[in-house]
Every structure is written in structure tokens, then in C-alpha cells.
Amino acid sequence: MTNNSQGKAMEDLTKFRNKIFIFGVLVMLVAEAISLPFIGLDWKFSVGLLLGTAIAIVNFAIMTKFSVMIVEGKNRFLASMSYLIRLLLYGGVFYMSVKISLAAGIGSVCGFMTLKVAIFIIHGILPYFAKDDNKNKGLKKIKEQTLINSPQWVGYGGGRRIVTFKRFVRYKR
């Protein structure tokens with residue numbers, strides 16, 4: 001890979017991460033707004049939600065950094081240890097939040113989920129509603145090339161378990 005293409009790839013990765021971070025913060029604000037009618041303006045829940053979202057963003061940044069290291073073949077041991085580092089960060093923040101209060105603990109768990117919801121919105125919901133037919137054709141092509149055409153595909157539909165192996169199809173109740 002040339003330096004120019006590496007720079008372009010890193011720039012694309014940065015745009016990708018920033019978009020997820022922005023949507024994650026928006027999801028956090030929506031979660032706080034949804035919680036207002038139920039628990040009111042509880043500062044402990046808000047702190048937990050903010051702490052959980054901040055740690056989710058930090059962990060996502062760590063994950064992308066070490067994923068790039070693995071792809072480039074640099075220090076694979078340290079990159080594989082990043083999983084343990086991220087797990088300890090999640091555990092430490094959750095422990096601190098629960099020590100503050102149960103509401104803060106629940107808020108931190110909700111904060112941990114904000115980036116997952118943001119990724120689901122960006123890459124699951126928004127492309128589905130995209131008006132550009134070229135994007136939809138690309139999504140259809142990806143769907144056709146994945147599970148549906150694999151020989152070991154297993155699906156559940158209509159109360160029946162459908163198992164396909166190349167040309168053989170059988171139905172089980």
C-alpha cells in the first residue's frame with residue numbers, strides 16, 4: 001500500500017469514527033430526554049450515562065487503533081491484549097458507577113450501548129431508507145452474497161426449520 005492510499009484510508013477511517021461518535025452523543029442526548037419523564041432530572045443517572053458514553057467512545061477509538069495495528073502486522077500481541085484493556089475499562093467504569101448509585105450504574109450501561117445504537121442507525125437503518133438506488137443495489141448485492149447463498153445456511157420461517165445443503169432442502173417441524 002502506498003503512502004497516498006494509506007493516508008486516504010486513514011482519512012476515511014477518521015471520518016467513519018467521527019460520524020459514529022457524533023451519532024453516539026446524539027443517542028446519549030435522546031436517552032437522557034427519554035429518561036426525564038420516568039426518573040426526572042437525576043444527576044446520578046446523567047453522570048452514569050455521560051461516563052458510559054465517554055468510555056464507549058474511548059474503547060471504540062482503542063479498538064480501531066489496535067485493529068489497524070493488526071492489519072498492518074505491527075505488534076500483534078499488544079493488539080490482541082487491547083481486548084483485555086477495553087474489558088477492564090468497561091468493568092472499572094461500571095464498578096465506579098454502581099458505587100455512586102444504582103441509577104448511575106444503569107446510566108453507564110445505557111451509555112455503553114450508545115455507540116452500538118449509533119452504528120446500528122448509521123449502517124442499518126439509514127441505508128435502508130436511502131433514496132439513491134445505487135446504494136440499495138449495493139446492499140441487495142451484499143445480502144445476496146452472504147448467508148442466503150452459503151451452502152450451510154439455516155433459517156427459521158413459518159414455524160419450520162429450513163436446512164439447505166447445496167441442492168438438498170428438508171423441512172422439520
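The residues of the chain are indexed from 1 along the displayed sequence.
- Using a 4.5 Å cut-off on side-chain heavy atoms (C-beta onward), I34 and V30 make contact.
- You'll find the side chain of E32 reaches within 4.5 Å of the side chain of L41, heavy atoms only.
- V27 places none of its side-chain heavy atoms less than 4.5 Å from the side chain of T53.
- Once rounded to the nearest 0.5 Å, the distance linking NZ of K19 with CD1 of I122 reads 5.5 Å.
- In this structure, S97 and L51 have side chains that are in contact, with non-hydrogen atoms separated by less than 4.5 Å.
- The hydrophobic cluster containing I70, built from Ile/Leu/Val/Met/Phe/Trp/Tyr side-chain heavy atoms closer than 4.5 Å, comprises no other residue.
- Two residues are said to be in side-chain contact when any heavy atoms from C-beta on lie closer than 4.5 Å; F60 and F21 meet this criterion.
- Results of the side chain to side chain contact (heavy atoms under 4.5 Å, CB included) test with F16 over D12, I20, N18, T14 single out I20 as the only residue that passes.
- Counting heavy atoms from C-beta outward, T114 and F23 have side chains that stay 4.5 Å or more apart.
- The closest side-chain heavy-atom distance from F66 to R86 is not below 4.5 Å.
- Residues S82 and M63 are not in side-chain contact: their nearest non-hydrogen atoms beyond the backbone lie 4.5 Å or more apart.
- Residue Y95 belongs to no hydrophobic cluster, having no ILVMFWY side-chain heavy atom closer than 4.5 Å to its own.
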